[in-house]
Amino acid sequence: MSRWKELPAELHPQVRQLIVRLRKLKDRSELSTRQLAAKTGYSARSWQRYLNGRSLPPPEAVEAMARIGGDDPPRLLVLHEIAAERWAEGRVVTTGAPESAPATSAHTPTPTDQRPYGRHLRVAVTAGAVVTALSVSAALLLAVRLTEARAQLAHDRSDAVAAAPATVSESLVPVIYTCRLEQRDGRWYAGLSRTTDILLSNTHVGLEVAEAQCLLRRAGTAPGEIDGVFGPKTRRAVERMQKQNGLVVNGVIDPPTWQALREADPK
C-alpha cells in the first residue's frame with residue numbers, strides 16, 4: 001500500500017478531495033509514476049506534483065487517470081471543475097483593511113455576513129449545471145462516434161463487396177461484425193483491426209472495439225454480440241479475461257490486455 005506525503009494544510013477541502021481520489025486510483029492501478037507517465041503522456045515529475053498537491057492537474061490528465069483506474073471520467077471531471085475554481089480562488093491576491101483604521105470602530109454587518117448561505121447555494125447550482133452538461137456531452141459523443149462507425153462500415157463494405165446491401169447506415173439498425181479469426185506469427189487477428197496499443201473503455205465504438213470483442217470470444221470470455229460498442233457486457237468480459245491472465249483488473253483494454261488477447265495460447 002502506498003504511503004503518501006501529507007497534503008499542504010492550505011489546500012481547499014474540495015481540492016484535497018480530488019487529489020485523494022486520484023491517489024486512490026493510482027494505488028488501484030498499481031502503477032509507478034514512470035509507468036503512469038508512459039500511459040498518460042504526462043511526465044513522472046508532473047504526476048508527483050499533482051499527487052502531492054503542489055500543482056493542479058489538467059482535465060486531460062484527470063480523465064486519463066479515471067480510465068486507467070476504472071473510474072467514471074465525467075464524474076471525476078466534475079470534481080476537477082469544482083477543485084479548479086477553488087484553486088483559482090486561493091491564488092487571488094486581496095488587499096487588507098487600512099492599517100490606520102481606528103481600533104474602536106464598530107463592525108458593520110455586510111450583506112455577506114447577513115447571508116452566509118448564498119455562496120453555498122450558487123456553488124451547488126453551478127455544480128449541478130456542470131454535471132448535467134457533462135452527461136449530455138457524453139451522450140452526444142457516444143452517438144456521434146456510433147454514427148461515424150456505422151457510416152465507415154457501410155463505406156468499407158461498398159468498396160470491398162459491390163453486391164452487399166448498404167442498409168446499416170440507412171436504417172440505423174445495430175451493426176453486427178463478422179469475426180474472421182486467423183493466426184499470424186503466433187498472434188491472433190479477427191480481420192477488423194491490427195492494433196496492439198490503443199486504449200479502449202466505456203463509450204468507445206468502432207472497428208477496434210469489434211476486434212477486441214472477437215478476441216474476447218476466442219479467449220472464452222464472450223462479450224455478447226460483436227457490435228463494436230464498448231458497453232457493460234464488454235467491460236465485464238474484459239475484467240474476467242484480465243483476472244484469468246493475472247493482469248490489472250480495470251475493465252480497460254490497454255497494451256498488456258491486447259498482448260494477452262492476441263497470444264496463441266492465452267492463460
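Note that this is a predicted model, so its numbers are computed, not measured.
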Disulfide bond (SG atoms under 2.5 Å apart) pairs, two or more places apart, involving residues 16-85:
none
Are L216 and V252 connected in a single hydrophobic cluster, I mean Ile/Leu/Val/Met/Phe/Trp/Tyr linked by side-chain heavy atoms less than 4.5 Å apart?
no
If we ignore angles and hydrogens, is there a donor and acceptor under 3.5 Å between the side chains of D227 and Q213?
yes
According to a 4.5 Å side-chain heavy-atom criterion applied to Ile, Leu, Val, Met, Phe, Trp and Tyr, with indirect links allowed, do V248 and L199 form part of one hydrophobic cluster?
no
Nearest heavy-atom approach of G231 to N202 is O-OD1, 4.1 Å
What are the two closest non-hydrogen atoms of A66 and L25, and how far apart are they?
CA-CD1, 4.1 Å
Taking side chain to side chain donor-acceptor pair (under 3.5 Å) as the test, write out the residues that go with T257, two or more places apart.
Q242, D254
Taking atom NZ of K233 as the centre, does the number of heavy atoms from other residues, nucleotides or ligands within less than 6.0 Å exceed 12?
no
Between W4 and D27: side-chain donor-acceptor atoms closer than 3.5 Å
yes
Same hydrophobic cluster for I198 and V238, using side-chain heavy-atom links shorter than 4.5 Å among ILVMFWY?
yes
Distance col, row T234:OG1 vs H204:NE2, nearest 0.5 angstrom, shows 13.0 Å
For R194, check side chain to side chain donor-acceptor pair (under 3.5 Å) against everything at least two apart and list the hits.
none
Is any side-chain heavy atom of Y177 closer than 4.5 Å to a side-chain heavy atom of L207?
yes
Quick one: which residue pairs count as a ring pair (Phe, Tyr, Trp, His ring centres under 6.0 Å) with a foot in residues 44-65, not counting sequence neighbours?
W47-Y50
Is V249 reachable from L247 through a run of hydrophobic residues whose side-chain heavy atoms are each under 4.5 Å from the next?
no
Side-chain heavy-atom pair M65, K26 within 4.5 angstrom cut-off
yes
Those residues that, when tested against T196, pass side chain to side chain donor-acceptor pair (under 3.5 Å) (two or more places apart):
none
For E182, check salt bridge (Lys or Arg N to Asp or Glu O under 4.0 Å) against everything at least two apart and list the hits.
R184
Side-chain heavy atoms nearer than 4.5 Å, only ILVMFWY residues, links allowed to pass through others: does that put V130 and V62 together?
yes
Less than 4.5 Å apart, side chain to side chain, heavy atoms only: is that true for R236 and R240?
yes
To the nearest 0.5 Å, what is the distance between CD1 (I19) and NZ (K24)?
13.5 Å
Compare all side-chain heavy atoms of W258 with those of D197 and state whether any distance is below 4.5 angstrom.
no
Return each pair, listed once, that meets disulfide bond (SG atoms under 2.5 Å apart) where at least one residue sits in residues 174-258; pairs must be two or more places apart or across chains.
C179-C214
Are the side chains of I226 and T178 in contact, using a 4.5 Å heavy-atom criterion?
no
Determine which pairs satisfy salt bridge (charged side-chain N to carboxylate O under 4.0 Å, His left out) with at least one residue from residues 200-212, sequence neighbours left out, and list them in order.
E211-R262
Without placing hydrogens or testing angles, list every side-chain donor-acceptor pair under 3.5 Å for residues 5-18, not counting sequence neighbours.
residue: H12; atom: ND1; partner: Q14; partner atom: N; Å: 3.1
residue: Q14; atom: OE1; partner: R86; partner atom: NE; Å: 2.8
residue: R16; atom: NH2; partner: P8; partner atom: O; Å: 2.9

Decide yes or no for W188 and L215: does some side-chain heavy atom of the first lie under 4.5 Å from some side-chain heavy atom of the second?
yes
Under 3.5 Å, sequence neighbours excluded: what are the donor-acceptor pairs made by side chains of residues 67-79?
residue: R67; atom: NH1; partner: S201; partner atom: OG; Å: 2.7
residue: R67; atom: NH2; partner: E63; partner atom: OE2; Å: 3.2
residue: D71; atom: OD2; partner: R21; partner atom: NE; Å: 3.0
residue: D71; atom: OD2; partner: R21; partner atom: NH2; Å: 3.0

d(Y189 OH, L261 CG) to nearest 0.5 Å is 12.0 Å
Nearest heavy-atom pair of A37 and A44: which atoms, and what distance?
CB-N, 3.6 Å
Using side-chain heavy atoms (C-beta onward) and a distance below 4.5 Å, is L51 in contact with L22?
yes
How long is the straight-line distance from NZ of K243 back to CG of N245, given to the nearest 0.5 Å?
12.5 Å
If I compare all heavy atoms of G224 with all of R217, which pair ends up nearest, and what's the gap?
O-NH2, 3.2 Å
Output all residues satisfying salt bridge (Lys or Arg N to Asp or Glu O under 4.0 Å) with E239, sequence neighbours left out; order by chain, then residue number.
R235
Taking every non-hydrogen atom, the tightest pair across G53 and W87:
O-CH2, 3.7 Å
Evaluate N52 against R23 for side chain to side chain contact (heavy atoms under 4.5 Å, CB included), listing each step before the verdict.
CA-CA 9 Å; N52 288 316; R23 286 181 170 185; 3.5 Å; yes
Are the side chain of T40 and the backbone N or O of L36 linked by a donor-acceptor pair below 3.5 Å?
yes
Can a side-chain donor-acceptor contact be found between T221 and Q244 if the only test is distance below 3.5 angstrom?
no
Going by the rule side-chain contact (heavy atoms from CB on, under 4.5 Å), which residues pair with E225 if we only count those two or more places apart in sequence or in a different chain?
I176
Mind listing the closest non-hydrogen atom pair of A222 and A237 along with its distance?
O-CB, 4.0 Å
